[in-house]
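Chain letters run A, B, ... following the sequence lines, proteins first and then strands; every chain starts at 1. The model shown is predicted, which means the values in this text are computed figures rather than measured ones.
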Amino acid sequence: MTYKVSKEILDAFPCYEAMDNAPEDLSLDDQMKMYYLLNLIREHDSKLKELWMANKMCGIAHSYAGHEAIAVGACMALAKDDYITSTHRGHGHVIAKGGDVRKTMAEIYGRVEGYNCGKGGSMHIADVEQGILGAAGIVGSAMALAVGAAYSSVVLNKKSVTVCFHGDGGTSQGVWHESINMAGCWKLPVIFLTENNYWAVGTEFTRVAAQPEVYKRAVAYDIPGILTDGFNPFAVYKAVKSAAERARAGQGPTLIEARLMRIVGHWVADDESYRDPKAMEVWWQLDPIARMKHYLIENNVPPKSLEEIELRAKNDISDAVEYAENQCNDPTPDTLFKDLYANDEII
Amino acid sequence: MTYKVSKEILDAFPCYEAMDNAPEDLSLDDQMKMYYLLNLIREHDSKLKELWMANKMCGIAHSYAGHEAIAVGACMALAKDDYITSTHRGHGHVIAKGGDVRKTMAEIYGRVEGYNCGKGGSMHIADVEQGILGAAGIVGSAMALAVGAAYSSVVLNKKSVTVCFHGDGGTSQGVWHESINMAGCWKLPVIFLTENNYWAVGTEFTRVAAQPEVYKRAVAYDIPGILTDGFNPFAVYKAVKSAAERARAGQGPTLIEARLMRIVGHWVADDESYRDPKAMEVWWQLDPIARMKHYLIENNVPPKSLEEIELRAKNDISDAVEYAENQCNDPTPDTLFKDLYANDEII
Amino acid sequence: MKISVRQAINDAIKEEMNRDSNVTIFGCDVGLRGGAFAVTKGLLKEFGEWRVRDTPISEAGFTGIGIGAAATGLRPIVEILYCDWITLAMDQIVNTAAKKRYMFGGKINMPLTIRAPFGGGDGQAAQHSQSFEAWFNHVPGLKVIAPIFPEDVKGLLKSAIRDDNPVIFFEHKLSYTLEGEVPSEDYTIPIGKAKVIREGSDVTIVSYSMMVVKALEAAETLAKEGIECEVIDLRSLLPLDYETIIDSLEKTNRIVVVHEANLRGGMASDIVAEICDRAFDFLDAPPERVGGLNVPIPYCSCLEQLVIPSTEKIKKAVYKALNR
Amino acid sequence: MKISVRQAINDAIKEEMNRDSNVTIFGCDVGLRGGAFAVTKGLLKEFGEWRVRDTPISEAGFTGIGIGAAATGLRPIVEILYCDWITLAMDQIVNTAAKKRYMFGGKINMPLTIRAPFGGGDGQAAQHSQSFEAWFNHVPGLKVIAPIFPEDVKGLLKSAIRDDNPVIFFEHKLSYTLEGEVPSEDYTIPIGKAKVIREGSDVTIVSYSMMVVKALEAAETLAKEGIECEVIDLRSLLPLDYETIIDSLEKTNRIVVVHEANLRGGMASDIVAEICDRAFDFLDAPPERVGGLNVPIPYCSCLEQLVIPSTEKIKKAVYKALNR
Ligand SMILES: Cc1ncc(C[n+]2csc(CCOP(=O)(O)OP(=O)(O)O)c2C)c(N)n1
Ligand SMILES: Cc1ncc(C[n+]2csc(CCOP(=O)(O)OP(=O)(O)O)c2C)c(N)n1
Ligand SMILES: [Mg+2]
Ligand SMILES: [Mg+2]
């Protein structure tokens with residue numbers, strides 16, 4: 001039985017790619033891991049609104065709900081010592097790359113046990129150990145960073161590739177162009193992964209992009225441009241996998257456009273005055289979790305084991321929230337000048 | 001008799017376009033004017049080295065010698081109230097657009113009678129009356145300016161188009177991308193004219209560009225990309241003319257790559273330690289002045305009238321130098337704070 | 001008429017757009033969404049997309065477009081949604097907007113207003129909380145203003161829009177709901193004039209933007225202890241009204257300068273140095289400065305609140321100014 | 001051994017590249033051409049293009065690449081050919097390089113050196129002559145240095161390269177041919193230490209970069225009039241060695257701060273304000289500041305020379321400091 005998608009959505013989303021077959025190199029274990037990660041990210045970011053409303057976090061946060069296939073598909077194709085750079089909508093990237101949800105949640109709570117000791121918050125979570133070079137609050141700014149990491153890999157003879165996640169909005173930044181140009185010219189092991197979710201806050205991409213089909217811009221850098229279904233973790237996996245192989249073989253960067261729809265608000269308490277949020281809901285038909293679940297069941301995975309995974313994800317997030325809420329501490333004033341300069345030098 | 005170009009050059013310069021026919025809409029008078037302007041610019045910029053050596057100018061200057069076909073071809077396709085933005089190598093643009101060589105020379109001398117009252121110098125000559133929005137010392141920075149002028153034209157219902165001259169080096173700046181993207185998206189009447197002379201100071205374009213065929217990058221903005229022979233004033237004229245028509249018809253921008261070779265040094269006293277200047281000289285075969293002269297003679301213009309034009313250009317520049325040298329004055333200290341704020345307000 | 005700062009900005013822009021058809025807005029989400037802080041609500045509908053332009057996330061590019069448009073007949077207002085990102089447009093602002101008139105011998109006009117919401121205090125961390133006014137103070141060719149009360153915000157924004165020079169207009173991100181009286185008729189407030197908003201004879205407190213509110217709070221509590229502070233709201237930073245400051249200093253002989261931006265390299269240093277130049281003899285005590293601590297703004301409120309000057313710190317500075 | 005500043009920089013970089021294979025250079029024309037000012041001559045040949053990288057004209061991009069490389073194991077030196085264009089990389093420097101370690105709770109390293117030739121005086125006009133050190137002084141997380149003599153240039157550049165923080169290294173464009181003795185053995189000079197380069201008891205002149213040379217000139221002519229100036233070369237601006245300044249001030253009780261950058265919002269204001277904080281009682285006269293005039297640098301020398309501080313102006317400031 002194929003997964004059902006309405007004609008309306010299929011028409012609006014021509015890059016739809018059915019989830020018929022898992023990529024050959026993904027074991028069932030891998031697939032189950034992916035399913036867990038999809039759920040873990042969803043659970044994690046579904047908590048945000050509640051936390052924000054209850055004043056548990058300090059600033060604001062952006063939910064990755066609906067985008068999970070991209071981070072999970074991409075990071076599944078990476079090794080631990082590969083790098084990623086992330087965005088303001090970064091929890092999914094961090095978790096998919098191996099981040100610890102206790103530490104992400106603690107950071108969102110502004111706790112000293114958080115990844116950034118409470119100094120970064122939702123928009124800046126980093127874990128260099130896991131190759132997570134950090135989220136960035138400045139749209140587009142991490143592009144060059146990613147290229148720098150890829151440059152390091154070459155000079156230091158590491159086999160790492162770097163995946164640079166960014167939104168459609170980020171593709172309008174100058175540094176997007178500068179970065180891809182240099183990476184393309186020097187054939188650096190970096191993958192530019194555009195999460196084209198059609199929106200940048202309240203602005204539709206087609207209103208501000210001369211060429212909204214991002215993958216076509218690859219011609220301008222003489223590199224491959226790939227369009228993929230951003231709601232489909234297998235599709236993203238395949239695209240990133242082949243780009244990573246290319247990169248490791250010294251053939252240079254790839255521009256991957258993972259297309260999807262930002263179904264949720266821009267940030268956790270977005271009133272979406274600029275569009276009708278109700279009209280977005282049909283897009284949940286493409287929910288990567290539902291699609292993957294359908295695929296796994298079709299492929300004889302017992303529903304019960306999937307439910308177990310779902311429950312585990314839920315519990316892990318509850319645990320993370322409980323941890324952040326009750327077992328963690330606010331940073332003390334004496335940490336204020338710590339971490340500014342190397343060796344905590346004070347200037 | 002066709003104009004002779006060596007096989008070596010033809011191989012190295014595949015975009016060579018023979019000057020067989022003048023564009024139909026160019027009268028003989030127009031052509032003679034173009035011939036004059038080519039010579040005027042050449043004479044003007046051939047003086048620079050001497051002036052620099054003799055300490056007549058304050059800072060540095062960049063010669064447009066060899067590039068004349070581009071400015072002259074392009075500006076011939078424009079009206080007085082069309083706009084141009086220029087670069088560090090800007091004298092040619094200014095003169096072709098109607099600038100007065102007495103005032104450019106006076107400015108280079110740092111005289112108060114110069115276009116910028118001695119405050120701008122070689123790299124910043126502007127004449128808003130003639131639609132010359134100014135040269136720019138920051139490579140690439142005038143891109144957005146040009147788009148802004150085009151934006152004005154639309155809002156103010158003017159018929160002006162704007163030509164944005166820039167070098168291959170400028171195409172690597174982020175603002176290049178941002179500007180073309182917005183112009184393309186909003187279909188603004190602007191023409192991006194890349195003078196791809198293969199070099200940016202001591203760096204060959206192919207060493208720093210993933211896609212050195214600049215016109216191909218037009219795909220990234222869903223606009224037309226045109227490659228043209230930058231040593232051929234007719235070819236440039238035609239390309240700009242058609243792009244201007246497109247722009248005036250509300251169909252948006254065009255990216256024109258005028259390819260040529262920077263035969264001269266980057267700046268007037270460049271020792272060119274990074275390349276062999278002797279090896280560049282073969283490129284003078286493509287000298288736009290020689291080619292145009294050949295064409296005109298072939299088309300029955302008496303050589304004598306061409307020599308008259310050449311002499312006139314020479315004299316006009318001698319006059320300009322004489323003017324700047326002997327009839328102009330250094331700015332007086334009381335002008336120091338003038339022109340900083342509107343109405344010479346002092347803050 | 002009592003309105004919020006948000007309304008004051010919206011009204012100022014709307015009135016100027018009605019008054020002058022060359023006024024045009026550029027910025028991320030200024031149109032359909034009406035601005036992230038809802039300050040441009042309704043304008044797209046009223047004036048159409050050619051005058052209220054939603055831009056891509058291209059700060060350098062759309063600032064540059066504003067500059068080009070200003071040089072060719074429009075009177076643009078560019079919004080940089082958070083002043084932190086003005087870093088992306090520094091070349092355009094500093095090397096082109098500020099210098100074009102001068103470099104070109106006065107032959108070009110630059111009627112450009114750049115609105116830049118600034119300041120911290122709401123847990124948005126290091127890249128969404130900064131205050132960069134001191135940088136622009138260092139750039140000849142610009143004007144810089146940072147009013148806080150609705151009346152001043154409206155009157156000065158209108159002056160900025162009408163001004164033929166590039167003006168950087170800082171509005172505090174936490175001020176949008178702050179309310180106050182504004183005149184009902186059309187009015188402007190001249191750029192470059194400070195305002196004594198509280199009279200006092202013991203110490204002069206000079207400040208701008210949100211810190212004015214805290215300075216007033218500090219002054220009120222100090223008054224209960226018998227210390228009368230004169231509070232000056234600078235409103236404009238470039239040009240800066242030293243006359244008003246020195247007149248006050250002549251009376252109080254003690255001065256405290258307060259701002260939210262981190263102290264090192266901040267506006268307060270410039271003001272103190274200038275006071276030393278112009279009125280050293282009026283000083284009965286070292287001039288005091290209160291500014292943000294010299295760290296990036298941390299995310300968690302517990303730390304953030306230590307970085308941004310508090311009423312308490314202002315009070316301490318006043319005591320210090322009085323104790324010698 | 002007597003060498004030029006140009007040679008000092010070249011030697012410093014070469015020695016550090018030999019010492020540490022992670023040191024890597026990025027910039028326009030740093031390779032094949034050996035730098036517009038010929039400071040990186042020969043390095044491409046010696047170290048290959050992966051360590052000496054000619055970049056496209058993408059200041060934001062290649063600065064960002066330097067930052068990313070610094071975060072992942074390299075120790076990059078980024079050259080911004082003229083400091084005027086550092087405006088293009090402000091976001092990368094201010095929002096990423098300066099803040100990454102802090103925002104990430106100390107979990108990332110940022111051993112990055114940004115070389116930025118600065119200053120005017122050679123007729124290159126408004127976009128090729130600026131001095132922006134004061135901006136970076138306002139950014140916590142950075143270090144800023146601006147030495148002028150070959151020994152200091154070499155020793156401090158080596159320290160900058162070895163430093164695990166982002167360091168902005170300003171070198172004066174007119175200083176490359178300036179010669180001086182340097183030790184022949186491997187040495188470094190610590191960041192953050194000023195140097196008394198002339199002793200005197202009447203007035204303290206504090207300066208850095210090219211203005212140190214002019215301050216010395218002024219001091220020499222003043223000595224003939226019997227006025228003995230103590231001249232301090234700050235060398236480092238952030239951190240800044242107030243101890244050395246105050247020690248001198250304790251002796252002279254009069255101070256003149258001199259820099260080339262335009263005065264308003266410049267380093268001198270910060271130094272004066274800080275002196276008022278730390279040593280007001282040592283001041284027998286108002287602290288004097290000498291800086292560039294508050295205009296963009298004009299092209300013609302006749303005007304440019306009015307903008308940049310002259311020996312004469314420094315002398316006048318010394319007289320002023322002494323006359324009360
Ligand atoms: C330089 C900069 N400009 C503007 C913003 C404000 N902003 C935050 S997220 C965002 C939209 C980003 O859109 P996109 O890149 O498509 O990512 P998405 O939110 O869709 O995941 C904007 C404009 C910013 N953070 N940085
Ligand atoms: C932002 C910036 N970076 C670097 C420079 C130094 N510079 C001046 S001209 C030039 C080369 C420009 O090359 P291109 O755009 O191809 O123009 P061309 O000189 O070949 O005409 C460079 C690097 C500059 N002026 N501005
Ligand atoms: Mg998006
Ligand atoms: Mg070139």
Side-chain angles (χ1 to χ4, degrees), chain A residues 55 57-60 88 107-112 114 116-124 135-141 167-176 200-205 207-210 266-267 270-275 329-333 335-340 346-347, chain C residues 26-36 38 40-42 44 49 53-64 80-82 84-89 91-92 120-130 173 262 264 292-307:
Chain A
N55 248 321
M57 67 175 78
C58 302
I60 63 168
H88 58 287
E107 186 58 34
I108 290 167
Y109 266 77
R111 304 297 202 180
V112 72
N116 308 25
C117 308
K119 284 175 175 152
S122 162
M123 275 191 288
H124 301 295
I138 315 287
V139 170
S141 69
D168 48 285
T171 69
S172 305
Q173 281 289 18
V175 74
W176 186 87
V201 194
T203 301
E204 270 176 297
F205 195 39
R207 289 179 64 220
V208 291
H266 172 65
W267 66 292
D270 186 358
D271 65 7
E272 297 180 67
S273 61
Y274 47 82
R275 69 178 190 182
N329 303 294
D330 281 344
T332 46
T335 65
L336 184 58
F337 282 91
K338 219 177 136 300
D339 306 323
L340 181 51
I346 290 184
I347 293 183
Chain C
F26 298 92
C28 291
D29 288 310
V30 292
L32 197 57
R33 191 180 183 211
T40 52
K41 260 227 149 75
L44 171 65
E49 68 174 1
R53 179 56 74 179
D54 277 322
T55 62
I57 309 172
S58 309
E59 279 79 2
F62 69 72
T63 302
I80 304 282
L81 181 50
Y82 278 60
D84 308 69
W85 311 324
I86 211 165
T87 48
L88 290 158
D91 169 56
Q92 293 288 334
D122 56 347
Q124 296 211 45
Q127 296 183 333
H128 285 71
S129 307
Q130 295 167 88
K173 289 202 298 274
N262 65 298
R264 190 168 49 224
L293 299 184
N294 293 312
V295 280
I297 303 284
Y299 168 70
C300 69
S301 311
C302 49
L303 294 181
E304 185 183 27
Q305 291 308 323
L306 299 175
V307 174

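- One finds the CD atom of A:Glu204 at 10.5 Å from the CG atom of C:Asp54 (value rounded to the nearest 0.5 Å).
- Taking all atoms of both residues into account, the shortest heavy-atom contact from C:Ile57 to A:Ala200 is CD1-CB, 4.0 Å.
- Only the side chain of A:Leu340 comes within less than 4.5 Å of a heavy atom of chain C; its backbone N, CA, C and O stay farther away.
- For A:Arg111, the salt bridge (charged side-chain N to carboxylate O under 4.0 Å, His left out) criterion is met by A:Asp330, not counting sequence neighbours.
- Residues A:Ile60 and C:His128 are not in side-chain contact: their nearest non-hydrogen atoms beyond the backbone lie 4.5 Å or more apart.
- Considering only residues two or more places apart in sequence or on other chains, C:Asp91 meets the side chain to side chain donor-acceptor pair (under 3.5 Å) condition with C:Asn95.
- Here the CD1-CD distance, from A:Ile138 to C:Glu59, works out to 8.5 Å after rounding to the nearest 0.5 Å.
- Residue C:Leu306 holds its CG atom at 10.0 Å from OG1 of A:Thr332, rounded to the nearest 0.5 Å.
- No side-chain heavy atom of A:Val139 sits under 4.5 Å from any side-chain heavy atom of C:Trp85.
- Residue A:His124 touches chain C through its side chain alone, counting heavy-atom pairs closer than 4.5 Å.
- Looking at A:Thr203, both its backbone and its side chain come within 4.5 Å of chain C, counting heavy atoms on both sides.
- Looking at A:Asp271, neither its backbone nor its side chain comes within 4.5 Å of chain C, counting heavy atoms on both sides.
- Distance check: A:Met123 CE to C:Tyr299 OH gives 8.5 Å after rounding to the nearest 0.5 Å.
- Within the 4.5 angstrom heavy-atom criterion, atoms from both the backbone and the side chain of A:Ile347 approach chain C.
- Within the model, atoms OG1 of C:Thr55 and CZ of A:Arg207 stand 10.0 Å from one another, a figure rounded to the nearest 0.5 Å.
- Within the model, atoms CG of A:Asn116 and SG of C:Cys300 stand 11.0 Å from one another, a figure rounded to the nearest 0.5 Å.
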